[in-house]
Amino acid sequence: DSGVTQTPKHLITATGQRVTLRCSPRSGDLSVYWYQQSLDQGLQFLIQYYNGEERAKGNILERFSAQQFPDLHSELNLSSLELGDSALYFCASSVGSGGRRETQYFGPGTRLLVL
Amino acid sequence: GQQVMQIPQYQHVQEGEDFTTYCNSSTTLSNIQWYKQRPGGHPVFLIQLVKSGEVKKQKRLTFQFGEAKKNSSLHITATQTTDVGTYFCAGDSGAGSYQLTFGKGTKLSVIP
């Protein structure tokens, strides 16, 4: 158990809908990262928040957005969902601002299926 | 942008055989990290390499960082069924970068 929690574990929805994925980092960690894992693309970095502010942006679509709240939990919002958005979404956390030499601790993931 | 390539994509070995996965970056890395993801699980940090030419061992696992800090390898000696999973390398270019770039991983199957 990494100490990172994610809800829900599974999510099934229809195209065009909007969903929110939630992540609570390990106690004391200030950074939260979001990744998308699909079968043929490996782990794609989406976005990082550090202490409430956006720190780094990866391959995140404009239909996706995220935020980190004062209690440091984070939410990833996915809107106008398409079939291709079906994937496993992982949240990870690290103790500091991230990047150089920081270990990331991954949550169990949310499996999203868009029908 | 930075790219991290891993080969092979899949590897099937007989239990007791050795296994190696290779990681190559398009840019020089500040450090490289290795993660393991068991089937149905999430990535778990294994190790981090920082110095040029660094070699680290964890029991049957040997990790190497290339002299030019653009490649790395993970070698498992005498694989066991508990080694099954996908092994990812992840690199940080260090140039003000706050993100790790993950390779696509090598999926290891061990035949008992």
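So you know, we letter chains A, B, ... as the sequences are listed, proteins then strands, and number each from 1. Owing to the predicted nature of the structure, the values given are computational and were not obtained by experimental measurement.
Contacts of Glu82(A) classified as salt bridge (charged side-chain N to carboxylate O under 4.0 Å, His left out), with partners at least two apart in sequence or in another chain: Arg63(A).
If you chain together hydrophobic residues whose side chains sit under 4.5 Å apart, Phe102(B) and Leu46(A) never meet in one group. At a threshold of 4.5 Å between side-chain heavy atoms, the hydrophobic network of Ile, Leu, Val, Met, Phe, Trp and Tyr places Val4(A) and Val95(A) in two separate groups. When the side chains of ILVMFWY residues are joined at heavy-atom separations under 4.5 Å, either directly or via intervening members, Leu88(A) and Leu21(A) end up in two distinct hydrophobic clusters.
Glu62(A) CD: 12 or fewer foreign heavy atoms inside a 6.0 Å radius. In Tyr22(B), the OH atom is not crowded: 12 or fewer heavy atoms of neighbouring residues, nucleotides or ligands sit closer than 6.0 Å. The number of heavy-atom neighbours closer than 6.0 Å to CZ of Phe69(A), taken from other residues, nucleotides and ligands shown, is above 12.
Atom OH of Tyr35(B) sits about 5.0 Å away from atom CD of Gln104(A), to the nearest 0.5 Å.
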* Asked: Given Phe90(A) and His42(B), is the side chain to side chain contact (heavy atoms under 4.5 Å, CB included) satisfied, shown in steps?
  -> CA-CA 8 Å; Phe90(A) 284 109; His42(B) 58 273; 3.4 Å; yes
* For side chain to side chain contact (heavy atoms under 4.5 Å, CB included), just list the numbers for Gln48(B) and Thr103(A), CA-CA rounded to whole Å, side-chain angles, deciding distance to a tenth of an Å, and then say yes or no. => CA-CA 8 Å; Gln48(B) 175 173 252; Thr103(A) 301; 5.8 Å; no
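Listed by sequence position, Phe106(A), Gly107(A), Pro108(A) are the residues of residues 105-112 of chain A in contact with chain B, using a 4.5 angstrom heavy-atom cutoff.
Residue pairs satisfying the ring pair (Phe, Tyr, Trp, His ring centres under 6.0 Å) criterion with at least one member in residues 4-26 of chain A, sequence neighbours excluded, are absent. Evaluation of the salt bridge (Lys or Arg N to Asp or Glu O under 4.0 Å) test over residues 56-67 of chain B, restricted to residues two or more places apart or in two chains, returns Glu54(B)-Lys56(B), Arg60(B)-Asp83(B).
Between Leu100(B) and Phe45(A), the closest heavy-atom pair is O-CB, 4.3 Å.
Heavy atoms of Gln6(B) lying under 4.5 Å from chain A are absent altogether.
For the pair Gln33(B) (side chain) and Glu102(A) (backbone), a donor-acceptor distance under 3.5 Å is present.
When Pro43(B), Gly40(B), Gly41(B) are compared by the number of non-hydrogen pairs under 4.5 Å with chain A, Pro43(B) comes out ahead.
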